[in-house]
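Beneath this line is the structure, given in C-alpha cells, with notes to follow.
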Amino acid sequence: MPGPGRPGEKVLLVLEGAIESALIGDLLVALGASVARAKLKDAERIAKGAALMGVPFRALLTDRAAFDSGAARLLSLLAEDGSPARQPRAVVIIDSFERGDIPRFRSSGFNGYLMRPIRPLSLLTQLFGDGEEEKVRRPEAVSRIMDGAGGVPADTAHISILLAEDNDINALLARTILEKGGARVVRVRNGIEAIAKARTELAGPAKGFDLVLMDIHMPGMDGVEAARHIRALYPADALPAAGRPPIIALTANAFAADRASYLHAGLDDYLAKPFEKEDLAALLERWRGSKSTGLDRAGRGAA
C-alpha cells in the first residue's frame, strides 16, 4: 500500500455539499491521493466495486447529513489489515454546534472528525495521519500549506524536544512548527529509540530534554510503555517540569475518553494532532514555571 498522501491512497468522499466536496477533493488530489466523490446513494456500490477489485478505499470522509442518512454502513467496505496503528480512517465533517454528537460518531465506528472551517493541516493528518510507516516525500502542495502556516510563539525558543512519531507526515507537521519557533527537535520513530535518545541526552551536557512529545501508537513499543521507561531514568520523586521533562501524549483521536485514558496511564498531558501555534503556546503555558527546565527559561526569554 502506498504511503499517506501518495498516488494510490484511496479516499472516498461522501459529502452533501457540491462546492465543499469539489474543494476538498481538489486539495486531496493535490496532496497525491486518489479520490472518488460520490453521493451516498452511489457510494456503497463504488466502495463494493473497489473492494472486489482488490483496491479498497483506505479512508472515508463524510459529513453530518450523510452520517444521518446511513454513511456508517460504508465502514465495513474500507481496507482493513488488522493492525491497530494502521486502521482505515473514517472522519465526519461537522459544525461547531454539533460537538455533542461526537459520541454517536464514535459508537458508529468513526475515528475522527473535522470542524468547519476545515484547515488543510487538519484534513491532511486526520485522513492520512495513521497510515503505514514509509518515507514520505514532501509534496509541493504540502510545502505550500506548511509555508503558509505562519509564525509560532517565542515560547518554543531555546528548548529541546524529543519527538517520538512513527508517521512521516505527522512528524513533518510537528517538526516544522516547533523548529520555526527555535526549538531543537530530535525525532525518533518508536518507543525503543525514544528511550535510547532520552538516556543519551540525560547523560550529556544538556542534562535531558525539556519536553517529550510521545505518539501513542508506534511499532514495537507503544508510547505508554516508552513513557514509563523514560520516567524511570529520573529520580522517583521527580515531577514533570520540576526534575524531569513533561511527557505529552500525541493523539489524532479527538475523543475525550481516550485522552483521559492516556493521563490515567501516566502521561502528563496530551496534544491533539495536528497541533498549531496556539495549541503549542497553551501547552507550554501549562508547564512553564519550574526553574529546573528549559520551559521556564524559554518562557522568560532567557537562553
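A donor-acceptor pair under 3.5 Å is formed between the side chain of Asp63 and the backbone N or O of Glu16. The main-chain N or O of Val92 is never found under 3.5 Å from a side-chain atom of Thr62 such that the two would form a donor-acceptor pair. Side-chain N or O atoms of Asp215 include none that pairs as donor or acceptor with a backbone N or O of Met218 at under 3.5 Å. Here the side chain of Glu193 pairs a donor or acceptor atom with the backbone of Arg189 at under 3.5 angstrom. Checking side-chain atoms of Arg89 against main-chain N and O of Leu60 turns up no donor-acceptor pair under 3.5 Å. No donor-acceptor distance shorter than 3.5 angstrom exists from the side chain of Asp268 to the backbone of Ile248, with no hydrogens or angles considered. Of the possible polar contacts, none joining the Asp95 side chain to the Phe97 backbone as a donor-acceptor pair under 3.5 Å is found. Here the side chain of Asn190 pairs no donor or acceptor atom with the backbone of Gly220 at under 3.5 angstrom. Not a single donor-acceptor pair under 3.5 Å links the side chain of Asp101 to the backbone N or O of Arg104.
Annotation: side chain to side chain donor-acceptor pair (under 3.5 Å) contacts involving residues 228-237, sequence neighbours excluded, are absent.
Taking each heavy atom of Ala50 and Lys10 in turn, the nearest pair found is CB-CE, 4.3 Å. The nearest pair of heavy atoms linking Leu75 to Ser108 is CD1-O, 3.3 Å. Listed here is the closest heavy atom pair of Pro103 and Arg99: CD-O, 4.3 Å. Among all heavy-atom pairs drawn from Ala226 and Gly191, the shortest one is CB-CA, 3.6 Å.
With hydrophobic clusters built from ILVMFWY side chains whose heavy atoms lie under 4.5 angstrom apart, Leu114 shares a cluster with Val11. Transitive grouping of hydrophobic side chains (ILVMFWY, heavy atoms separated by less than 4.5 Å) keeps Ile102 and Tyr270 in distinct clusters. Side-chain heavy atoms closer than 4.5 Å link hydrophobic residues (I, L, V, M, F, W, Y) into clusters, and following such links, possibly through other members, connects Leu78 to Tyr113. Clustering ILVMFWY residues whenever any of their side-chain heavy atoms sit less than 4.5 angstrom apart, transitively, puts Val91 in the very cluster that holds Leu123. Criterion: ILVMFWY side-chain heavy atoms under 4.5 Å apart, direct or through other members. Under it, Val188 and Leu267 are part of a common hydrophobic cluster.
Under a 4.5 Å side-chain heavy-atom criterion applied to ILVMFWY residues, the cluster that includes Leu52 comprises that residue alone. Listed by chain and number, the hydrophobic cluster partners of Val55 are Met53, where partners are ILVMFWY side chains within reach of under 4.5 Å, directly or through others. Grouping Ile, Leu, Val, Met, Phe, Trp and Tyr residues whose side-chain heavy atoms lie under 4.5 Å apart, directly or via other members, places Ile19 in a hydrophobic cluster with Leu23.
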* To do: Let me see the working for Arg116 and Glu20 under salt bridge (charged side-chain N to carboxylate O under 4.0 Å, His left out), right down to the final yes or no.
  => CA-CA 10 Å; Arg116 298 184 180 97; Glu20 183 176 57; 2.8 Å; yes

* **Stepwise side-chain contact (heavy atoms from CB on, under 4.5 Å) check, Ile161 with Phe209** => CA-CA 6 Å; Ile161 297 175; Phe209 289 101; 5.8 Å; no

* Given side-chain contact (heavy atoms from CB on, under 4.5 Å), test Ile230 with Ile247 step by step and report yes or no. => CA-CA 9 Å; Ile230 291 174; Ile247 305 177; 4.0 Å; yes

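Interatomic distance, Leu163 CG to Met214 CE, rounded to the nearest 0.5 Å: 10.0 Å. A distance of 12.0 Å separates CZ in Arg175 from CG in Leu213, rounded to the nearest 0.5 Å. Between Leu162 atom CG and Thr200 atom OG1 the span is 10.5 Å, to the nearest 0.5 Å. To the nearest 0.5 Å, the span separating CD on Glu98 from CD1 on Ile93 amounts to 11.0 Å. We find the CD1-CZ distance between Ile94 and Phe105 to be 5.5 Å, quoted to the nearest 0.5 Å. Rounding to the nearest 0.5 angstrom, the gap separating the CG atom in Leu250 from the NE2 atom in His217 is 11.5 Å.
Take Ser21 and apply the side-chain contact (heavy atoms from CB on, under 4.5 Å) test, not counting sequence neighbours, and it matches Leu13, Leu15, Arg37.
By the 4.5 Å heavy-atom criterion applied to side chains, Ile216 and Tyr262 are counted as neighbours. You'll find the side chain of Asp210 stays beyond 4.5 Å of the side chain of Pro245, heavy atoms only. With contacts defined as side-chain heavy-atom distances shorter than 4.5 Å, the pair Val35/Leu12 does not qualify. With a 4.5 Å cut-off on side-chain heavy atoms, Leu61 and Leu127 count as touching.
Counting non-hydrogen atoms of neighbouring residues, nucleotides and ligands closer than 6.0 angstrom, the NZ atom of Lys39 exceeds 12 such neighbours.
Here Glu201 pairs with Arg184 in a salt bridge; the nearest charged N to carboxylate O distance falls below 4.0 Å.
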Validation: residues 67-74 side-chain donor-acceptor distances under 3.5 Å, sequence neighbours left out:
| residue | atom | partner | partner atom | Å |
| --- | --- | --- | --- | --- |
| Asp68 | OD1 | Arg64 | NE | 3.0 |
| Asp68 | OD2 | Arg64 | NE | 2.9 |
| Ser69 | OG | Ala65 | O | 3.1 |
| Arg73 | NE | Glu44 | OE1 | 3.0 |
| Arg73 | NH1 | Gly70 | O | 3.2 |

